[in-house]
Amino acid sequence: MNEYRVEEHIGDFSSEAPHHDEIKDLSALADADREKLLRAGIDKEQPAAGTFVHSDHNTVYCNSRLKGVELAPISYALFKHDWLKDYYWKIMDRDKDVFTELAAGRKEGGYYIRSEKGAKVNYPVQACMYLETNALAQDVHNIVIAEEGSELNIISGCASGPNVRSGLHVGVSEMYVKKGATLSFTMVHDWAEEMAVRPRTTVVVEEGGRYISNYVCLKPAKDLQMYPTVYLNGPGAAATFNTVLMAGPGSRMDTGSRVYLRGEGTRAEIVSRSVSTGGTIYARGHLIGEASGVKAHLECNGLLLSDKGVILAVPELEARHRNLEMSHEAAVGKINQEETEYLMARGLSEAKAQSLIVKGFLSLDIIGLPDALKGDIDKIIEESTAAGAM
Amino acid sequence: MILFRGKGLIMAEEKLLELKDLHVSVDGREVLKGVSLSVNAGEIHALFGPNGSGKTTLLNTVIGFSRYKVTGGSISFKGQDITEATIDERARMGIGISFQRPPTVKGVTLRALASLGREGLSMEELERDAANLDAAEFLDRDINAGLSGGEMKRTEMLQIILQQPDLVCLDEPESGVDLENMALIGRAARIALGREEAGGGQCTRLKKSLRSGYRAGLVITHTGQIMDHIYVDRGHVLMNGEIVCSGNAQELLGEIRSHGYTECFRCAGCDRRNLK
Ligand SMILES: Nc1ncnc2c1ncn2[C@@H]1O[C@H](COP(=O)(O)OP(=O)(O)OP(=O)(O)O)[C@@H](O)[C@H]1O
Ligand SMILES: [Mg+2]
């Protein structure tokens, strides 16, 4: 079978998009667009420390409301802070692949978010990457810095507009978690079916710092590939990845999380839950233990609901020090018949019982999520798994 | 005398569940080898029998678990042939079951299942019934996750009470239950079977009006402890996939206690003795 590889089709996407003017208020967005943002977790009704909306190639909205957190378009931040160049293309190679090259070729797009030293930012920062023009290649570059002892929570929604059928999204993100800081980064994807998506993320965590990633993609994406990598450089640093995927027919999701445990006593946990209703899912994970006292665990669980689907769990453990503990478990299968029948014995139809089980399977207890977003994610899961939808 | 009472009354009443010459295979092996049994509305029957004799197989076949393949005979409920009915159809027709070993269902809470299982169930009722079974703390946990044997029996009982079926099937409701909790289980069984009101604190006397609310039961028990709490009308001994003996449940249990199962088919209480 000749698989579609977006690498070979970059020329199919246009690089030009109409200019989008800045808006003063999110309510100025068209209803359909606002609805889309909402689905990706961006809600103007919810209290937020700041909100950033990027559409096609332009930042259309950027509003930072709380002390202790700085939010700006990356181009502006680079112009304002000379020191920021030491964070720009520093932990990610420009020529890593064709996608980073594409992003490196353009300068303007993306956000810069920084929490100041010791700042505990109570509300999340909302950041949205929006694709409004069909068949566009959108590329952005983001920098996130959680300064020493700070706590920062980012919710990043990526979505495409009602007129978009296809497109390419490339998102380069460099994130820095300083000593004792906590960065929680939640990404919700809600793309058009024909989208190709290439997030490229590197995170560096210093001593005692903590990085938490939550990734939710329940809508089909024709070709999604990502392998975010975290370097736990300081002693006692920790990383957690929670990934929830649902691939419908025609989707191909190749996602993984990689953690280098370099500092003494660093810890990592990677958990993924994948459901295929006909699409292809690669659920990868790679833990590399390089120091004493490292503890890490990897868990990939998949549910295959259609014979047309494929789930490939690829857990990798790489030990480079004697004194460490790393483990993994992977399980792929269909919905447990006995569990389904147990629920049916209480009067639920088979479809309802199965959707309840799938919903339960996907409902990871995601740490650090604001209740409103938790509710949104539950709603998306509910809709995607409702009897008849699968 | 008891024999007479049984026969006289039962014949006149409506058959709620009727198994006719039921043959059931599990993983290609015949486990039930021609079981016939009827339970009339409002009656409680006990099933006895050694380990592995097919008791659980019988109950799980009645509710329709796919693992249990009916290879011959039929099951009717409320006059309808349900041999081919799906599990949820049977549940909605009024068959409820408390499983011997219920599975754990990750990510699904007992609260979610209970509210989906019965339309219009109020949270007050759910919480009250859970509290009565000392199971309130399990409502928001995943179903059966990490529950002890005795705790599972309580949550199973709770589900039956909420479901309000016309035929209550209990698979070893007392196994793994400590003495104190046995009183809770016993009371729950009385409520599930319509022998006691859920709200009422006191033991209700057997009144005619209450009798009409009696629900039928099919109860598997080894120790007979549950029979201290519910009056069982009739007992059956299952051996090697066949009912070898039927009669007064108390008497059968007494015989089993003193002589074991091997002597069972010759016991005094057996009304099949003459058939053999
Ligand atoms: N799912 C199954 N897979 C394989 N064999 C089974 C299965 N269920 C039942 N059996 C077999 O069928 C026979 C009857 O089992 P069943 O569970 O009905 O016995 P039981 O009378 O309920 O016993 P116990 O008193 O121990 O609960 C046993 O030999 C058992 O091993
Ligand atoms: Mg049994």
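Letters A, B, ... mirror the listed sequences (proteins, then strands); counts begin at 1.
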Which pairs pass salt bridge (Lys or Arg N to Asp or Glu O under 4.0 Å) with one or both residues in residues 327-337 of chain A, sequence neighbours excluded? none
For the atom pair [atom1] ([X]) and [atom2] ([Y]), what is the distance rounded to the nearest 0.5 Å?
{"X": "A:L356", "Y": "B:T109", "atom1": "CG", "atom2": "OG1", "answer": "8.0 Å"}
{"X": "A:M344", "Y": "B:R92", "atom1": "CE", "atom2": "CZ", "answer": "8.5 Å"}
{"X": "B:D88", "Y": "A:E341", "atom1": "CG", "atom2": "CD", "answer": "10.5 Å"}
{"X": "B:K106", "Y": "A:E339", "atom1": "NZ", "atom2": "CD", "answer": "8.5 Å"}

Proximal to chain A - members of residues 138-171 of chain B, heavy-atom separation under 4.5 Å: B:I143, B:N144, B:E156, B:Q159, B:Q163
Considering heavy atoms only, which positions within residues 112-119 of chain B lie below 4.5 Å of chain A?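 Result: B:L113, B:L116, B:G117.
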Would one find more than 12 heavy atoms of other residues, nucleotides or ligands at under 6.0 Å from atom [atom1] of [X]?
{"X": "B:K78", "atom1": "NZ", "answer": "yes"}
{"X": "A:Y123", "atom1": "OH", "answer": "no"}
{"X": "A:E193", "atom1": "CD", "answer": "no"}

What pairs of residues pass the ring-ring contact (aromatic ring centres under 6.0 Å, His included) test when at least one of them lies in residues 49-102 of chain B, not counting sequence neighbours? A:Y342-B:F99, B:F65-B:F99
Of all of B:T86, B:V108, B:I63, which one pairs up most often with chain A through heavy atoms under 4.5 Å apart? B:V108
Check A:T340, A:I357, A:N336 against B:V105 for a side chain to side chain contact (heavy atoms under 4.5 Å, CB included) and give me the one that passes.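 Filter result, single survivor: A:I357.
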Identify the heavy atoms of A:A345 and B:A91 that sit nearest to each other, and give their distance. O-CB, 3.4 Å
